[in-house]
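A, B, ... follow the sequence lines: proteins, then strands. Residue 1 opens every chain.
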Number of protein chains: 2
Amino acid sequence: MQLFATQGYNATGLDAVLKQAAVPKGSFYHFFGSKEEFGLAVIEEFSGRFLARLDVLLSDPTLTPLDRLRGFLERGEAQLAQHQCTVGCLIGDLGQELAANNERLRARLDEIMRSWRGRFAACIQEAQQAGELSAAFDPEVMAGFILSGWEGAVLTAKVMKSTQPVRDFLATLFATVLTKP
Amino acid sequence: MQLFATQGYNATGLDAVLKQAAVPKGSFYHFFGSKEEFGLAVIEEFSGRFLARLDVLLSDPTLTPLDRLRGFLERGEAQLAQHQCTVGCLIGDLGQELAANNERLRARLDEIMRSWRGRFAACIQEAQQAGELSAAFDPEVMAGFILSGWEGAVLTAKVMKSTQPVRDFLATLFATVLTKP
DNA sequence: ACCAAACTAGACCGATCGGTCTACTTTGTT
DNA sequence: AACAAAGTAGACCGATCGGTCTAGTTTGGT
């Protein structure tokens, strides 16, 4: 997971994975049919953990829906800073790299991103019902907007080696889009 | 440029480039010192063309500043659709893939993204001066927000194989952030 | 104690990677 | 016409890629 997240899929050789995990090749191919299948398993593992944490944070009853969203995104910013902007979002990274080359992985990444968007949308709808947000916008569209913006901000932060893009994204988002009606 | 944009840098072997260009290896290495140097030249070529077009579109005197920005982004959406969402933004793609692996290319991509952000910022400032936009926001921050959002929307569109993320991004952007004061 | 299944271990494979090398052809200058 | 420089052509190089194969070891059931 770490190697894929930092170097990407193609740039990470199996030998590097095996060395880091201290696992011989025979064992690897006993459990995984191919690098692609292993990649899928890594994605699955990451996605599972991530979605679980997302569900916890977005359903925290001590916060308003909008503050849950803000808290989640700010945690992401902190993590990015913690890794000196070298590690962004594994799903976005692999998506960018593999969307055109590997249909199987692309399809799975697509599903995962849609599930995230769905969670965002639910939280936005709650915010609308709580009167925190104008009900004029389609929650699903708004959720897609936030997801895209987030992925792009993380990408830009990696390129610029600075959390500034993420900070600017969050500041602008909550000052303009996610503002009380 | 086409191969890098569709397959990425690492997944594109030199042999593929040489075959497509019908150029023997000897000629290639007569003009380019390495694949990295070639990659830099490709980036340079793309960046030059792109920035030229950006300058034309963002200084069109027949449109208001905001409409120039909208026109530019909508042209991008049309191009994405034209390629069935297989080709996004070369700079963003390479940035995502190489930011952690190749400092030289990363640094150049960083510069290019900053130059784009600068162009956006100038246009936004014009819009503010023309009264099209609230002057309450820092143009540079707002420009970073748009650039991040755009890159993310294109990334998501590639993964989802649909222009919907880009359409949702633009709709939300011009309905909430880039709205008249 | 025995044995089959599960698993470990890494040498090895052909393909492909980026890059080098030498021999040859074309071009521009005088 | 002569010649040096520029450019062409692709065989070839070691390294590394993902993946295979065989031989050995550990494990769990009986």
Side-chain angles (χ1 to χ4, degrees), chain A residues 1-47 86-87 90-109 159, chain B residues 1-48 86-87 90-91 93-109 159:
Chain A
M1 208 180 289
Q2 183 211 322
L3 287 171
F4 281 160
T6 52
Q7 304 181 320
Y9 182 81
N10 287 313
T12 302
L14 269 186
D15 286 352
V17 174
L18 300 180
K19 190 181 174 189
Q20 175 126 348
V23 161
K25 219 165 216 184
S27 304
F28 178 88
Y29 277 100
H30 179 75
F31 290 99
F32 301 102
S34 63
K35 184 187 182 185
E36 179 185 351
E37 207 167 293
F38 173 67
L40 208 54
V42 170
I43 289 171
E44 225 55 57
E45 177 66 23
F46 177 85
S47 163
T86 58
V87 177
L90 179 68
I91 304 302
D93 289 12
L94 295 183
Q96 176 81 282
E97 188 179 352
L98 301 173
N101 300 329
N102 190 316
E103 175 56 23
R104 202 166 149 215
L105 294 186
R106 194 222 108 242
R108 186 70 189 107
L109 295 168
V159 174
Chain B
M1 206 180 289
Q2 183 211 323
L3 287 170
F4 282 160
T6 52
Q7 305 181 319
Y9 181 81
N10 287 314
T12 301
L14 268 187
D15 286 351
V17 174
L18 301 180
K19 190 181 172 189
Q20 175 127 348
V23 162
K25 219 165 216 184
S27 303
F28 178 90
Y29 277 99
H30 179 76
F31 291 99
F32 301 101
S34 64
K35 185 187 181 185
E36 179 185 351
E37 206 166 293
F38 173 67
L40 209 53
V42 169
I43 289 170
E44 225 54 58
E45 176 66 22
F46 176 85
S47 163
T86 58
V87 177
L90 179 69
I91 304 303
D93 289 11
L94 295 182
Q96 176 80 282
E97 188 179 352
L98 302 172
N101 300 329
N102 189 315
E103 176 55 24
R104 200 165 150 215
L105 294 187
R106 194 223 108 244
R108 185 68 189 108
L109 295 167
V159 174

Quick one: closest heavy-atom pair of [X] and [Y], and the distance?
X      : Y       : value
A5(B)  : D93(B)  : O-OD2, 3.4 Å
V17(A) : L3(A)   : CA-CD1, 3.8 Å
I43(B) : L109(B) : CD1-CD2, 3.8 Å

Worksheet, complete the sentence: For nucleotides 3-8 of chain C, 5' to 3', base contacts (B), sugar-phosphate-only contacts (S) and non-contacts (-) with protein non-hydrogen atoms under 4.0 Å give ---SBB
Worksheet entry | pair Y29(A)-L14(A): side-chain heavy atoms closer than 4.5 Å |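 SC-SC contact between Y29(A) and L14(A) confirmed.
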Discussion item. Below 4.0 Å from chain A heavy atoms, what is the first contacting nucleotide of DNA chain D and what is the last?
Written reply: dC17(D) to dT20(D)
Discussion item. Restricting to side-chain contact (heavy atoms from CB on, under 4.5 Å), what partner residues turn up for T6(B), sequence neighbours left out?
Written reply: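 Counting only residues at least two positions away or on another chain, T6(B) forms a side-chain contact (heavy atoms from CB on, under 4.5 Å) with V87(B).
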Fill in: Within residues 4-13 of chain A, residues whose heavy atoms come under 4.0 Å of DNA chain D
T12(A), G13(A)
Fill in: Proximity to DNA chain D (any heavy atom under 4.0 Å), residues of residues 34-47 of chain B only
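Correct list: empty, so none.
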Can you tell me how far apart [atom1] ([X]) and [atom2] ([Y]) are? Round to the nearest 0.5 Å.
X       : Y       : atom1 : atom2 : result
L90(A)  : Q2(A)   : CG    : CD    : 11.5 Å
L105(B) : Y9(B)   : CG    : OH    : 5.5 Å
T86(A)  : N101(B) : OG1   : CG    : 10.5 Å

Worksheet item: Within the side chain of T12(A), is there an N or O that forms a donor-acceptor pair under 3.5 Å with the backbone of G8(A)?
Response: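 Here the side-chain-to-backbone pair exists.
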Practice prompt. Please name all residues satisfying ring-ring contact (aromatic ring centres under 6.0 Å, His included) with F28(A), sequence neighbours left out, ordered by chain then number.
Written response: F32(A), F38(A)
Worksheet entry | All side chain to side chain donor-acceptor pair (under 3.5 Å) counterparts of S47(A), not counting sequence neighbours | none
Response to the item:
Sorted by chain and number, sequence neighbours left out, side chain to side chain donor-acceptor pair (under 3.5 Å) with N102(B) holds for none
Worksheet entry | G33(A) or A16(A), whichever maps to the more 5' nucleotide of DNA chain D | A16(A)
Discussion item. Going by salt bridge (Lys or Arg N to Asp or Glu O under 4.0 Å), name the residues that satisfy it together with E103(A), two or more places apart in sequence or in a different chain.
Written reply: R106(A), K161(B)
Discussion item. Going by salt bridge (Lys or Arg N to Asp or Glu O under 4.0 Å), name the residues that satisfy it together with K25(B), two or more places apart in sequence or in a different chain.
Written reply: D15(B)
Nucleotides 23-25 of chain C: which of its N/O atoms have a protein N/O under 3.5 Å away?
none

Discussion item. Once salt bridge (charged side-chain N to carboxylate O under 4.0 Å, His left out) is applied, what residue pairs with a partner in residues 32-47 of chain B remain, sequence neighbours excluded?
Written reply: E36(B)-R104(B), E44(B)-R108(B), E45(B)-R49(B)
